There are 2 protein chains.
Amino acid sequence: MTEELLDATDHEILGLLREDARRTLSDIAGRVTLSTAAVKRRIDRLRETGVITGFTVQVDHAKLGWGIEAFTELRFVGNTKVAEILRTTTRMPEAQAVFTIAGDPDALVWLRVRDMAHLQKTIDEIRRHHQVTGTKTLIALESWARGT
Amino acid sequence: MTEELLDATDHEILGLLREDARRTLSDIAGRVTLSTAAVKRRIDRLRETGVITGFTVQVDHAKLGWGIEAFTELRFVGNTKVAEILRTTTRMPEAQAVFTIAGDPDALVWLRVRDMAHLQKTIDEIRRHHQVTGTKTLIALESWARGT
DNA sequence: TATGAAACTGGGGTGGC
DNA sequence: GCCACCCCAGTTTCATA
């Protein structure tokens with residue numbers, strides 16, 4: 001992993017795909033001045049080497065009725081296992097991302113919920129699954145995420 | 001927005017596309033027992049109504065050499081405008097997401113960087129752009145995000 | 001208003017250069 | 001890396017309940 005896997009053209013292609021993963025090969029080829037076959041080979045290689053891990057849709061969660069975003073900082077008793085935290089929280093549909101932290105707090109969970117009652121229920125559920133000594137929840141006023 | 005926009009089949013289709021946005025129409029059609037034309041119409045409608053906002057690739061940032069994730073909590077002087085925070089941070093390639101918060105801290109920035117020196121530089125840059133009274137940075141040991 | 005069947009079109013897969 | 005071919009996915013149309 002010390003050697004550089006990608007050249008400038010690969011990065012260009014990655015950028016174009018991040019903007020719109022459904023671009024056709026010829027569209028990309030035109031923009032990076034390569035042939036479609038060449039572009040295809042590069043994309044295939046990006047997938048094989050694991051740089052590209054998949055393709056998804058971007059969804060407007062507010063339109064689905066999940067309009068509230070929050071962060072919950074978690075503090076645990078000393079012997080709680082990091083893997084355990086990830087395992088239980090990642091199963092919750094409300095969890096968008098989970099980070100285990102070096103320091104205080106011990107973990108950070110990005111939540112997306114329908115309303116405040118739902119948020120309350122979700123935090124309670126997290127507390128129930130772990131030996132949580134304390135939580136602090138930050139409610140987002142506005143948010144932005146790369147690629148939306 | 002009070003009425004339910006989507007039925008069960010729409011949610012099913014959304015779920016399939018989130019797993020893999022490059023599924024063919026006939027693949028989806030087979031799984032939800034509809035014709036390709038019907039599936040296409042539903043996906044088109046999801047795009048028109050803004051539920052689906054786009055299609056992207058999922059990238060393994062560690063493979064690109066951006067292996068470190070961190071959160072920076074920001075505190076500002078009273079008169080700092082929320083819009084201003086979003087505007088400047090979202091331009092930084094290191095920022096993955098930005099949240100303005102009701103309470104303390106005032107904002108939360110999810111960063112992805114190459115190494116500790118890069119993290120330091122990035123935090124410095126954020127501080128330079130705002131009337132920041134304080135920052136606290138949490139470095140992630142492990143992370144998980146929905147759809148990876 | 002939503003569906004399914006079928007015809008049309010254009011992009012992706014492949015192999016030769 | 002380029003070009004040309006073929007096939008299939010995506011799209012459109014139309015009849016239907």
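Below, read A as the first sequence line, B as the second, and so on, with proteins coming before strands; counting in each chain starts at 1. Here the structure is a predicted model, which means the values were calculated and not measured.
A:Arg42 is listed as a side-chain neighbour of A:Leu34, based on a closest heavy-atom distance under 4.5 Å. Put simply, the side chain of A:Thr36 does not reach to within 4.5 Å of the side chain of A:Thr24, judged on heavy atoms.
The main-chain N or O of A:Val109 is never found under 3.5 Å from a side-chain atom of A:Thr72 such that the two would form a donor-acceptor pair.
When every heavy atom of B:Gln58 is checked against every heavy atom of A:Phe55, the shortest pair comes out as OE1-N, 3.9 Å.
Taking atom CG on B:Asp7 and atom C1' on C:dA2, their separation rounds to 11 Å, with Å as the unit.
Of the residues in residues 34-43 of chain B, those with a non-hydrogen atom less than 4.0 angstrom from any atom of DNA chain C are B:Leu34, B:Ser35, B:Ala37, B:Ala38, B:Arg41, B:Arg42. Remark: nothing in residues 13-29 of chain B comes within less than 4.0 Å of DNA chain C through any heavy atom.
B:Lys136 NZ: more than 12 foreign heavy atoms inside a 6.0 Å radius.
Electrostatic pairing of A:Arg45 and A:Glu48 does not count as a salt bridge here, judged by no charged N lying under 4.0 Å from a carboxylate O. Between A:Arg128 and A:Asp124, none of the side-chain N atoms (NZ, or NE/NH1/NH2) sits under 4.0 Å from a carboxylate O, so this pair counts as no salt bridge.
A:Phe71 and B:Phe71 have perpendicular rings, their planes meeting at more than 60° on a 0 to 90° scale where under 30° would count as parallel.
Rounding to the nearest 0.5 angstrom, the gap separating the NE2 atom in B:His129 from the OG1 atom in B:Thr88 is 6.5 Å.
Among B:Ile101, B:Thr135, B:Thr133, the single residue meeting the side chain to side chain contact (heavy atoms under 4.5 Å, CB included) criterion with B:Arg75 is B:Thr133.
Scanning DNA chain D for stems, defined as runs of 3 or more consecutive Watson-Crick or G-U wobble pairs whose donor-acceptor distances all fall under 3.5 Å, gives the following ranges: C:1-7 with D:11-17, C:9-17 with D:1-9.
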